[in-house]
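Numbering starts at 1 and runs along the sequence shown. In this text the structure is predicted, and so the values were computed from the model without any measurement.
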Amino acid sequence: MINLYSSRGLRFVAIAILTLALNQAQAQVQTPQYVAMGSNTNGYYEYLPQGYDPNASQTYPVIIFIHGIGELGNGSVWALPNILNTGLPSIIRYGQFPNSFTVNGQTHKFIVISPQFVNWPSPTDVDGVINYVIGHYKVNTSRIYLTGLSMGGGVVWDYCGASVANGSRVAAIVPICGASWPDHTRARTIASANVPVWALHNSNDPTVNVSYTNNYVDYINEAPSPNPLAKKTIIDNWSHDAWTNTYNQTYRDETGKSIFEWMLQFTKGTILSISTNLPPVANAGPDQNITGSSAQLSGSGTDPDGTISGYTWTQISGPSTASFNNAYIANPSLSNLSAGSYTFRLTVKDNVYASAYDDVVINVTAVPVTSVVLPGRVQAENYASMYGIQTEPTLDAGGGLNVGYQDNGDWMDYPVSVPTTGVYTVSFRVATTNAGPQFQLRKADGTTLATINVPNTGNWQSWQTVTATVNLSAGQQTLRVYTTYASGGWN
């Protein structure tokens, strides 16, 4: 009996060891690299295809995977392994990523790079990762693909929407439940660059509303529409996790392709050499002395041996109220300027991504605010002061600007002159894709005059009128529009 028990036990141990050995054989190698690819990432995982030779002439398509907010970390030996828990790195970790893919009669093997970011990455951070990967790996630069989940999916939207130059660097993108506000300008930039898009989202995602993906795809496909049209897959599911199945090789679209085979249909750009490149020259334009709250920047860039591929404006100094209508074009406009001295920096990149910068100083003198005599029209952008909002071009009747990005606690003040004490009807033009925003019209002492609910108008530039009745006393006074509730903002 003792020998029989021992024999069975030995067989059990042998089976367990064999199973472990098989699991290890099935796993694919992702090598941790404790190397900074920029100021916001100190480490990454690399997956190299079978037969990869850094000294050979062969180049490979590359997938850059951007993780979710839960995997942010400092790239250390303790933090970096969190990258392996979700998304594409997890698929590779468990040996579920095919060694090669055959599309249109051609066989391809991917390089996969998965950086860990310290903080929510910006388009500049992603650009730095792409530059690093091109400089350190045998990359086919016509086949650079971006994908990410949640925060990472939002970063993919933001990167390609930041400029046509960014979009022109990538062959295709797959954002999954992307946590990026569906900005119309970014969407149209993606369309202008003809970036192939396959976006996926769960229908009842409790963390990032499915409207983010729906609106991005709708905005991209507006006329003039891109080629190819952006496509989306909305999965009937109540969780945030739309990525586990998506990255699995068994997940297929209506044509029978996995997301990896779908990516490989598309190429973009040319293979570039950076060895003899001359840097570009940036010109931020002449210094300005202005009166008012807005200004026009006049930037430009030249390149002695190529072309300018991108522009980026940043504020170096001055009051924090300033905002760009688009920080990724040569000649953006500035709004929300208050009295003071500002320095703005223009950074330009050439077609092989060398960069240069130049600064411009703008000195601002405030315009005395005049009261609107009631009854009368008060333009929303003509506030005397504000907190937390931005302006943007409007599609409402009459054109001009609207104010937006209004969240809880944001406000705008308007001086008015009331000739007669009495009851006044106030009409507001509003737009939002969210249900339930609410704001108040208040007096200078904080007294609430009216509380107004904003309906879902279906689009950020589909405008409706809402009204309220208020009691106003005669004389000069300041009225405040104060956001009391906004889940996702309103215009």
Side-chain angles (χ1 to χ4, degrees), residues 119-120 122-124 158 162 181 183-186 284-299 311-347 357-372 378-394 400-416 428-432 437 439-442 444 446 460 478-484 486 488-491:
N119 300 298
W120 193 298
S122 67
T124 301
D158 291 345
W181 190 256
D183 178 83
H184 191 268
T185 299
R186 282 195 295 267
D287 294 344
Q288 301 181 43
N289 296 305
I290 68 167
T291 299
S293 61
S294 62
Q296 181 68 48
L297 294 172
S298 300
Y311 301 87
T312 303
W313 285 92
T314 53
Q315 182 177 339
I316 303 302
S317 65
S320 60
T321 56
S323 60
F324 299 93
N325 71 322
N326 186 341
Y328 302 100
I329 59 176
N331 302 304
S333 59
L334 292 166
S335 59
N336 300 331
L337 299 175
S338 54
S341 180
Y342 296 80
T343 300
F344 297 98
R345 174 168 294 174
L346 171 63
T347 301
Y357 69 84
D358 187 36
D359 294 344
V360 62
V361 175
I362 298 181
N363 297 307
V364 180
T365 301
V367 175
V369 177
T370 57
S371 298
V372 175
V378 179
Q379 296 288 356
E381 69 272 22
N382 293 339
Y383 43 76
S385 57
M386 65 83 183
Y387 174 78
I389 66 97
Q390 300 178 43
T391 60
E392 62 183 357
T394 185
L401 302 176
N402 65 260
V403 297
Y405 303 92
Q406 297 173 103
D407 301 305
N408 299 341
D410 293 351
W411 53 265
M412 300 164 288
D413 282 350
Y414 302 92
V416 296
F428 303 87
R429 295 287 284 167
V430 297
T432 184
F439 68 96
Q440 292 178 344
L441 187 65
R442 295 181 175 181
W460 290 105
T478 297
L479 301 180
R480 172 169 289 187
V481 174
Y482 185 93
T483 300
T484 51
W490 63 289
N491 291 345

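For an aromatic pair to be called close, the ring centres must be under 6.0 Å apart, and Trp181 with Tyr405 fails this.
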Could you walk me through whether Leu334 and Gln315 pass the side-chain contact (heavy atoms from CB on, under 4.5 Å) test, one step at a time? CA-CA 11 Å; Leu334 292 166; Gln315 182 177 339; over 6 Å; no
Val481 and Tyr414: side-chain contact (heavy atoms from CB on, under 4.5 Å), yes or no, with the steps? CA-CA 8 Å; Val481 174; Tyr414 302 92; 4.0 Å; yes
Stepwise side-chain contact (heavy atoms from CB on, under 4.5 Å) test for Ile290 and Leu337: CA-CA 10 Å; Ile290 68 167; Leu337 299 175; 3.8 Å; yes
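For Phe324, the CZ atom is densely surrounded, since the number of other residues' heavy atoms within 6.0 Å is greater than 12.
Here the side chain of Gln296 pairs a donor or acceptor atom with the backbone of Pro332 at under 3.5 angstrom. Put simply, the side chain of Tyr342 never gets that close to the backbone of Val360: no donor and acceptor are under 3.5 Å apart. At least one donor-acceptor pair under 3.5 Å links the side chain of Gln406 to the backbone N or O of Trp490. Side-chain N or O atoms of Asp358 include one that pairs as donor or acceptor with a backbone N or O of Ala284 at under 3.5 Å.
In this pair, Phe439 and Phe428 present their aromatic rings perpendicular. The plane angle is above 60°, beyond the 30 to 60° band.
For the atom pair CD1 (Ile316) and OH (Tyr357), the distance works out to 8.5 Å, reported to the nearest 0.5 Å. Atom CH2 of residue Trp313 and atom CG of residue Leu346 lie 4.5 Å apart, to the nearest 0.5 angstrom. The line from CD of Glu381 to CE of Met386 is 13.0 Å long, rounded to the nearest 0.5 Å. Interatomic distance, CG of Asp183 versus CG of Asp158, reported as 8.5 Å (0.5 Å rounding). How far OG1 of Thr484 is from CG of Asn408: 7.5 Å, rounded to the nearest 0.5 Å. Here the OG1 atom belonging to Thr312 is positioned 11.5 Å from the CD1 atom belonging to Ile329, to the nearest 0.5 angstrom.
Side-chain contact check for Ser335 and Ser323: at least one donor-acceptor pair (N or O, by modelled atom type) lies under 3.5 Å. Defined by atom type and a distance below 3.5 Å, a donor-acceptor pair is present between the side-chain atoms of Asn402 and Glu392. Side-chain N/O atoms of Asn331 and Ser298 include no donor and acceptor closer than 3.5 Å.
The two atoms that bring Ile389 and Met412 nearest to each other are CG1-CG, 4.0 Å, heavy atoms only. Ser341 and Pro319 get closest at one heavy-atom pair: O-CD, 4.0 Å. Of all heavy-atom pairs between Ala162 and Asn326, the closest is O-OD1, 4.3 Å.
At a threshold of 4.5 Å between non-hydrogen side-chain atoms, the residues Trp460 and Thr432 count as touching. Proximity of Thr483 to Asp407: side-chain heavy atoms (C-beta onward) are nowhere separated by under 4.5 Å.
With respect to Thr343, the side-chain contact (heavy atoms from CB on, under 4.5 Å) criterion is satisfied by exactly one of Asp287, Ile362, Asp359: Asp359.
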